[in-house]
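Order of the sequence lines fixes the chain letters, A, B, ..., with proteins taken first and strands second; residue numbering starts at 1 for each chain. Note: hydrogens, waters and symmetry copies are ignored here, and every other heavy atom, side chains too, is used.
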2 protein chains.
Amino acid sequence: MARRKDTSTNSFNREILNGSHLHYALDLISGRWKILILEKLRAGGLRYSILRKELPHISERMLALQLKELEKDGLITRSVYAGVPPCVGYTLTPISEKLIPIWEQLCCWGAAHRELQTTGN
Amino acid sequence: MARRKDTSTNSFNREILNGSHLHYALDLISGRWKILILEKLRAGGLRYSILRKELPHISERMLALQLKELEKDGLITRSVYAGVPPCVGYTLTPISEKLIPIWEQLCCWGAAHRELQTTGN
DNA sequence: GGCCATACTTACATTTTTGTTAGTATCCTA
DNA sequence: TAGGATACTAACAAAAATGTAAGTATGGCC
């Protein structure tokens with residue numbers, strides 16, 4: 001019978017770190033796919049099947065999972081349109097739109113950093 | 001001898017995602033400890049032993065590992081001062097200082113988001 | 001000689017994240 | 001009646017991140 005350590009330092013550290021707003025913010029958008037999804041939605045809402053086509057390397061599981069998390073975290077809105085076959089659309093929320101200018105800056109910074117690294121060597 | 005699947009989708013996806021500057025930037029600072037370390041260094045350089053005291057929940061292994069990565073990525077500078085016992089100091093680099101205003105905005109955004117979530121429910 | 005401090009490294013274990021494959025329900029169309 | 005399209009879900013497997021515990025080298029101090 002496998003022992004479980006629910007009080008593992010691992011999960012304990014988690015909570016502590018979330019005390020930092022910065023860490024909290026990064027947690028919301030980190031992971032392999034989240035920003036990619038948000039980027040796709042930036043130009044306007046998309047339905048599930050389109051998202052899947054736009055992100056050819058994501059697995060169904062991950063797409064569904066990340067969408068659910070993003071929704072739970074209030075970063076996207078899910079809307080179901082009645083009909084058969086079913087149709088579900090995803091859109092950015094006001095708060096995640098406020099993130100856009102910041103992620104643009106981060107993007108610039110990333111580009112600058114990358115250039116520095118390749119030039120520097 | 002353990003088999004390695006170098007062609008796993010996992011590592012494959014990694015490379016693809018790094019094509020995005022945003023993703024690249026987030027990769028540099030994500031992980032449980034990196035921004036925490038950067039935040040500590042913000043006010044000025046610190047030596048290893050001080051960092052460890054300031055981050056009571058990090059393990060030696062992780063601290064050393066993250067410091068090495070941060071250095072490799074050009075985000076901090078490591079300086080060794082001769083003597084016994086040895087003394088090593090870490091400082092932010094110019095490029096990581098340019099990150100500060102961005103991370104401050106992200107921090108504000110995180111605070112706003114958190115408030116929304118607690119209020120909204 | 002034995003212990004202390006510093007700044008790490010190493011081997012191994014556990015937890016967390018991501019991927020793979022197959023399956024669900026509905027109704028339309030051929 | 002069989003197969004297609006949509007938007008998922010579930011069980012299992014692999015990979016990646018983090019944690020634990022112990023060890024290394026140097027020289028000063030008692």
Side-chain angles (χ1 to χ4, degrees), chain A residues 2-18 23 26-27 29-34 36-37 45-71 76 78-90, chain B residues 2-18 23 26-37 45-71 76 78-90:
Chain A
R3 289 286 173 81
R4 281 312 188 99
K5 242 190 170 183
D6 295 321
T7 7
S8 71
T9 318
N10 218 322
S11 28
F12 179 58
N13 277 341
R14 260 277 169 87
E15 291 176 29
I16 290 174
L17 298 181
N18 265 4
H23 211 281
L26 282 173
D27 250 23
I29 56 172
S30 69
R32 199 106 112 211
W33 301 106
K34 286 191 180 163
L36 277 287
I37 295 175
L46 292 177
R47 38 190 310 203
Y48 185 90
S49 56
I50 309 292
L51 268 172
R52 213 184 36 208
K53 268 168 213 154
E54 294 271 320
L55 299 165
H57 301 290
I58 199 173
S59 60
E60 293 265 359
R61 173 178 143 73
M62 273 297 125
L63 182 53
L65 228 157
Q66 304 295 66
L67 286 172
K68 217 190 275 179
E69 271 190 42
L70 287 169
E71 195 201 356
I76 62 175
R78 190 180 104 110
S79 329
V80 183
Y81 304 100
V84 164
C87 174
V88 179
Y90 294 93
Chain B
R3 288 287 173 80
R4 281 314 189 98
K5 238 190 168 184
D6 294 321
T7 7
S8 71
T9 318
N10 218 321
S11 29
F12 180 56
N13 278 340
R14 261 279 167 84
E15 290 176 29
I16 289 173
L17 299 181
N18 266 4
H23 211 282
L26 281 174
D27 251 23
L28 290 176
I29 56 173
S30 70
R32 199 107 111 209
W33 300 106
K34 285 191 180 164
I35 352 116
L36 276 288
I37 295 174
L46 291 176
R47 38 191 309 205
Y48 185 89
S49 56
I50 307 293
L51 268 172
R52 213 184 36 205
K53 269 169 212 154
E54 294 272 318
L55 299 166
H57 300 290
I58 200 174
S59 61
E60 294 265 0
R61 175 179 142 73
M62 272 299 125
L63 181 52
L65 227 157
Q66 304 294 67
L67 286 171
K68 218 191 272 179
E69 272 191 42
L70 287 168
E71 194 200 356
I76 61 176
R78 191 180 104 110
S79 329
V80 183
Y81 305 100
V84 164
C87 173
V88 179
Y90 294 93

Could one point to a donor on the side chain of A/Arg61 or the base of C/dT18 with an acceptor on the other under 3.5 Å away?
yes
Here the gap from A/Ser79 atom OG to A/Arg47 atom CZ, rounded to the nearest 0.5 Å, amounts to 12.0 Å
B/Leu26 CG to C/dT17 P, straight-line distance once rounded to whole Å
16 Å
Should A/Asn13 be listed as having a side-chain N or O under 4.0 Å from OP1 or OP2 of D/dG19?
yes
Let me know the distance between CZ of A/Arg78 and P of D/dA7, rounded to the nearest Å.
10 Å
Using a heavy-atom cut-off of under 4.0 Å over every strand shown, decide if B/Tyr81 touches base, sugar-phosphate, or nothing.
nothing
Between A/Ile58 (CD1) and C/dT17 (P), how many Å, whole number?
15 Å
Of the listed nucleotides (C/dT20, D/dT20, C/dT9), which one gets closest to any side-chain atom of B/Lys68?
C/dT9
To the nearest 0.5 Å, atom CE of B/Met62 lies from atom CG of A/Asn13 at 11.0 Å
Give the nucleotide from the list C/dC8, D/dG19, C/dG19 with an atom nearest to the side chain of B/Thr9.
C/dG19
Side chains of B/Leu36 and A/His23, heavy atoms from C-beta outward: is any pair under 4.5 Å?
yes
Atom-to-atom span, CD of A/Gln66 to P of D/dT9 - whole angstrom
13 Å
Taking the minimum atom-to-atom distance to the side chain of A/Arg14, which one of D/dC8, C/dT17, D/dG19 wins?
C/dT17
Looking across every strand, which nucleic acid part, if any, lies under 4.0 Å from A/Gly83 by heavy atom: base, sugar-phosphate, or nothing?
nothing
Roughly, in whole Å, what's the span from CD in A/Glu69 to C1' in C/dT18?
12 Å
Enter the distance from A/Leu67:CG to A/Lys34:NZ here, rounded to the nearest 0.5 Å.
10.5 Å
What is the distance, rounded to the nearest whole Å, between atom CE of B/Met62 and atom C1' of C/dC12?
13 Å
Closest-nucleotide ordering on DNA chain C, the 5'-leading residue of A/His57 and B/Glu60:
B/Glu60
Of A/Leu51, A/Ile50, A/Leu70, A/Ile37, the one forming a side-chain contact (heavy atoms from CB on, under 4.5 Å) with A/Tyr90 is A/Leu51
4.5 Å side-chain heavy-atom contact, A/Arg78 and A/Tyr48:
no
When the distance from CG of B/Leu65 to P of D/dA17 is rounded to whole Å, what number comes out?
10 Å
Just how far, in rounded Å, is P of D/dG19 from CG of B/Leu55?
12 Å
Qualifying residues under side chain to side chain donor-acceptor pair (under 3.5 Å), relative to B/Arg52, sequence neighbours excluded
B/Glu60
Taking only N/O atoms, report every protein-nucleotides 4-6 of chain C pair under 3.5 Å with atom names and distance.
{"residue": "C/dT6", "atom": "O3'", "partner": "B/Arg47", "partner atom": "NH2", "Å": "3.1"}
{"residue": "C/dT6", "atom": "O3'", "partner": "B/Pro86", "partner atom": "O", "Å": "2.8"}

